[in-house]
Number of protein chains: 2
Amino acid sequence: MEITIGELSKRTGVLATTVRYYEDVGLMPAPPRTAGGRRSYGTAHVARLAFIRHARQLGFEVDAIRELLALNARPDLPCAEVDVIARRHLADVDGRIERLKALRSELSRMVDECGHGRVGECRVIEVLSDHGECLGHDH
Amino acid sequence: MEITIGELSKRTGVLATTVRYYEDVGLMPAPPRTAGGRRSYGTAHVARLAFIRHARQLGFEVDAIRELLALNARPDLPCAEVDVIARRHLADVDGRIERLKALRSELSRMVDECGHGRVGECRVIEVLSDHGECLGHDH
DNA sequence: CTTGCTCCTCCAGCCACTAGAGGAATTAAG
DNA sequence: CTTAATTCCTCTAGTGGCTGGAGGAGCAAG
């Protein structure tokens with residue numbers, strides 16, 4: 001099975017330019033080339049790229065994916081490291097959700113209090129102008 | 001009241017380099033300079049920068065802040081536009097929270113199913129390898 | 001043979017900063 | 001007054017994770 005970068009792109013949903021970028025940063029190996037100099041991929045490449053895409057969709061950073069790919073290649077090792085990476089990322093996501101929720105509540109309070117009058121009396125503008133207006137001063 | 005960029009930075013919590021960046025991108029006006037060529041700020045600058053910082057902390061993009069600043073300068077206008085910008089941003093934040101929550105649930109399911117054995121049988125790796133494993137296929 | 005598509009490399013840009021080099025000006029201490 | 005420390009200046013480049021475009025070559029179909 002010999003596949004062009006376009007076919008690979010179609011099968012994985014990753015843009016061809018992004019595939020080349022992954023090659024540049026070492027996430028994807030440099031594949032063999034055809035006589036005309038075009039990249040030629042096989043099933044292993046499809047699997048690896050699908051892995052990368054899925055990990056990216058789950059928000060893993062490229063560095064973390066590099067580690068996960070390295071671990072994936074060593075099925076004999078204990079998976080404690082995999083667990084560490086995934087839990088670290090989960091904690092990170094939790095933190096982001098918390099921060100966004102705090103932000104959301106302040107935003108929605110701000111919007112709710114807008115009296116739809118003139119800019120001069122607008123609560124949104126007031127809140128932005130005066131940090132003392134915040135309920136929580138943690139930011 | 002004549003203040004150096006360092007003082008301004010201290011009072012607002014915005015790095016001096018960032019203040020200069022804001023000047024470059026037009027969020028902050030170019031201030032008058034001292035004889036020696038240093039930037040000299042006044043109370044209006046402090047207020048404007050505080051506004052910017054607060055808006056950034058609330059996650060508003062620089063373009064949105066530019067609009068908000070322009071509206072802030074026209075207190076006579078109706079604040080409908082302010083409302084639109086704030087609500088648009090709120091909707092954006094809501095979307096981000098939803099996406100992060102979906103992601104979080106998949107991540108935590110993945111981590112929970114890890115049997116702490118070898119990488120070869122690790123659920124985390126399996127899930128990443130096979131998109132079909134996902135409960136929701138929406139990503 | 002030509003048309004149109006895909007692919008190639010290289011370079012620039014996105015966002016919102018942040019960091020560093022190399023030099024000038026100001027301030028504090030001696 | 002001199003020196004040393006600190007702050008400030010401009011300019012450039014880097015961050016992450018791509019994305020888009022220029023300009024050119026390969027390739028398949030009619």
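In what follows, every chain begins at residue 1, and chains take the letters A, B, ... in the order their sequences are listed.
The shortest side-chain heavy-atom distance between A:R20 and A:R39 falls under the 4.5 Å cut-off. Two residues are said to be in side-chain contact when any heavy atoms from C-beta on lie closer than 4.5 Å; A:R104 and B:L90 meet this criterion.
The distance between atom CZ of A:R39 and atom P of D:dA25, rounded to the nearest whole Å, is 17 Å. A:R53 has its CZ atom 17 Å from the P atom of D:dG17, to the nearest Å. One interatomic measurement links the two molecules: OH of B:Y21 to P of D:dA13, which rounds to 18 Å at whole-angstrom precision. To the nearest angstrom, P of D:dT10 lies 7 Å from CZ of B:R20. The interatomic distance linking A:L15 (CG) with C:dC8 (P) rounds to 14 Å, in whole Å. Separating the CZ atom of B:R38 from the C1' atom of D:dC8 is a distance of 4 Å, rounded to the nearest angstrom. The interatomic distance linking A:D63 (CG) with D:dT15 (P) rounds to 11 Å, in whole Å.
Contact annotation: B:T17 does not reach the phosphate of C:dC17 (side-chain N/O to OP1 or OP2, under 4.0 Å). For C:dC17, the OP1/OP2 oxygens have a side-chain nitrogen or oxygen of B:Y22 closer than 4.0 Å. For A:T4 and C:dC7, the shortest distance from a side-chain N or O to OP1 or OP2 is below 4.0 Å.
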